[in-house]
Amino acid sequence: MFALRHLLKGRKHFPYYAATTTKSMLPIPAVPARVLIGLHTESDYRNGRLPQVQELCCRKMTTLPTSKKPTSLLEELAAATKPYAQLMRIDRPIGTYLLFWPCAWSIALSADAGCWPDLTMLGLFGTGALIMRGAGCTINDLWDKDIDAKVERTRSRPLASGQITQFDAIVFLSAQLSLGLLVLVQLNWQSILLGASSLGLVVTYPLMKRVTYWPQLVLGMAFNWGALLGWCATQGSVNLAACLPLYLSGVCWTIVYDTIYAHQDKLDDLQIGVKSTALRFGENTKVWLSGFTAAMLTGLSASGWACDQTLPYYAAVGVVGAHLVQQIYSLNIDNPTDCAKKFLSNHQVGLILFLGIVLGTLLKADDTKKQPQPALASPAASSFVSLSQKPDVIS
């Protein structure tokens, strides 16, 4: 404050504030007071040493960090596309993995006994998961732009921070959905209809947190649609005996990991008025998640039984159960860092189950190979007419 007071009075007491061409008498730049405090004392003003103080301040200003401007076309392009990459969470692929694994499970379960899953289908569904997960994030951010600005973890998102406009996001969403449709039309017409029917869940999910404490249930219904779609894409129809338990297991799994995820923001959600299963379960979160884990394992066992799966599959189900139990009972719901770590580890759950399905299918007994083949008659024998044991007596 002392420095600021003397700077304001300096115009009356020091002649070098007048216009001059001497380098040492340039006006003092508008430096914040906190920069000047501690650089001089009252005696500096009385003894006429302010020019030296001025020079010191100018040197400090020249050392302040400046933002690096793009110097090439490639850098300009990268700077322009960065907000859109952040909008579709390209830097956080965990959502793409969690969307892809139910599709991969279904494709692997539908494979013939002793065969590998269809690699072409896995590639198509992997591409679709990347595109549609990004589209879902764009839809979510369009709905939650104002909410995200009030939450510590999400306020830096491109729409909430104003890096891109709402119109730009809508145009980008149109491009994403067009690419998703391009992938979808590579499938059979039954799969096209089934895949298009999931768009309603994708659009309405962000609204659920405003009206119910179970938005994670709707997210699970949308995220695990691939458990139905994968089988339909390879077989032309959905085998409900195998796919329905698999789908319900995926829904339970989503409730588990997204409840853990939601505990990161529960304090902000309480202030804003947003609902989630994290707030619904509260201190009983571990009990609820244990119940959903048990339901998931039951559904996976039923799906494996319907597909005549073998030991590797059930071993993988056991490992998945142990993984989830470890997650739940070591979880600290009041530690956002621990919640994030547990949430990210669910990528391993999807991978373990997928490997178990593939190995179990490869070891499945091929019934067609075990069926006895009828003996083939020789061409020479087939040319003779069979005679009865006792020829008729000719009268």
>> Membership question, hydrophobic clusters at under 4.5 Å side-chain separation (ILVMFWY): are Leu240 and Leu229 in the same one?
In response: yes
> What residues, two or more places apart in sequence or in another chain, satisfy side-chain contact (heavy atoms from CB on, under 4.5 Å) together with Ser161?
Replying inline: Gln163
>> Can you tell me how the ring of Trp288 sits relative to the ring of Trp214, calling it parallel under 30°, perpendicular over 60° and tilted otherwise?
In response: perpendicular
> Under 3.5 Å, side chain of Asp112 to main-chain N/O of Cys115, donor-acceptor pair present?
Replying inline: no
>> Donor-acceptor check, side chain of Ser191 to backbone of Ala233, threshold 3.5 angstrom: yes or no?
In response: yes
>> Applying side-chain contact (heavy atoms from CB on, under 4.5 Å), can you list everything that pairs with Leu297, at least two apart in sequence or on another chain?
In response: Thr293, Val317, Val320
>> Using the rule given for salt bridge (Lys or Arg N to Asp or Glu O under 4.0 Å), can you reason through Asp265 versus Arg153, listing the C-alpha separation, both sets of side-chain angles and the distance that settles it, and then say yes or no?
In response: CA-CA 8 Å; Asp265 303 327; Arg153 186 179 57 84; 2.3 Å; yes
> Looking only at atom types and distance, does a side-chain atom of Ser198 sit under 3.5 Å from a main-chain N or O of Ala222, one as donor and one as acceptor?
Replying inline: no
>> I'd like to know if Tyr247 and Leu187 are part of one continuous hydrophobic network [Ile/Leu/Val/Met/Phe/Trp/Tyr, side-chain heavy atoms within less than 4.5 Å].
In response: yes
>> Looking at Leu173, is its backbone amide N or carbonyl O close enough to the side chain of Thr138 to form a donor-acceptor pair, meaning the two atoms are under 3.5 Å apart?
In response: no
> Quick one: does Ser303's side chain have a donor or acceptor within less than 3.5 Å of a partner on Ala242's backbone?
Replying inline: yes
> Can you tell me if Gln235 uses its side chain to pair, donor with acceptor, with the backbone of Ser110 under 3.5 Å?
Replying inline: yes
> Same cluster for Trp189 and Leu199 if Ile/Leu/Val/Met/Phe/Trp/Tyr side chains link at under 4.5 Å?
Replying inline: no
> How long is the span from the CD1 atom in Ile328 to the CD1 atom in Ile260, to the nearest 0.5 Å?
Replying inline: 6.5 Å
> Which residue pairs pass the salt bridge (charged side-chain N to carboxylate O under 4.0 Å, His left out) test when at least one of the two sits in residues 77-88, sequence neighbours left out?
Replying inline: none
> Gly304 and Tyr313: which non-hydrogen atoms are nearest, and at how many Å?
Replying inline: CA-CE2, 3.4 Å
>> Under 4.5 Å between side-chain heavy atoms, counting indirect links through other Ile/Leu/Val/Met/Phe/Trp/Tyr residues: same cluster for Val325 and Leu289 or not?
In response: yes
> With sequence neighbours left out, which residue pairs that include part of residues 185-214 fulfil the salt bridge (charged side-chain N to carboxylate O under 4.0 Å, His left out) condition?
Replying inline: Asp144-Lys209, Asp144-Arg210
> If you count the non-hydrogen atoms of other residues, nucleotides and ligands that lie under 6.0 Å from CE in Met221, is the total more than 12?
Replying inline: no
> Got a sec, which residues hit ring pair (Phe, Tyr, Trp, His ring centres under 6.0 Å) with Trp253, two or more places apart in sequence or on another chain?
Replying inline: Trp105, Tyr257
>> Using side-chain contact (heavy atoms from CB on, under 4.5 Å), reason through Thr254 and Asn224 one step at a time and then give a plain yes or no.
In response: CA-CA 8 Å; Thr254 302; Asn224 293 277; 2.8 Å; yes
>> Can a donor-acceptor pair be found, under 3.5 Å and without considering hydrogens, that links the side chain of Asp91 to the backbone of Gln86?
In response: no
>> Using side-chain contact (heavy atoms from CB on, under 4.5 Å), reason through Leu353 and His323 one step at a time and then give a plain yes or no.
In response: CA-CA 11 Å; Leu353 185 59; His323 194 295; over 6 Å; no
>> Any side-chain to backbone donor/acceptor pair from Lys286 onto Ile333? Under 3.5 Å, distance only.
In response: no
> Does Asp258 have any side-chain contact (heavy atoms from CB on, under 4.5 Å) partners at least two apart in sequence or in another chain, and if so, which?
Replying inline: Tyr205, Gln216, Leu219, Tyr261
> If every non-hydrogen atom of Ile192 is compared with every non-hydrogen atom of Val185, which pair is closest and at what distance?
Replying inline: CD1-CA, 3.8 Å
>> Rounded at 0.5 Å granularity, tell me how far CE in Met132 sits from OG1 in Thr127.
In response: 13.0 Å
> If you count the non-hydrogen atoms of other residues, nucleotides and ligands that lie under 6.0 Å from NZ in Lys266, is the total more than 12?
Replying inline: yes
> If Ile, Leu, Val, Met, Phe, Trp and Tyr residues are connected whenever their side-chain heavy atoms lie under 4.5 Å apart, and connections chain through other members, are Tyr314 and Leu324 in the same group?
Replying inline: yes
> Just by distance, do the side chain of Ser174 and the backbone of Ile170 share a donor-acceptor pair under 3.5 Å?
Replying inline: yes
> Are the side chain of Arg133 and the backbone N or O of Phe100 linked by a donor-acceptor pair below 3.5 Å?
Replying inline: no
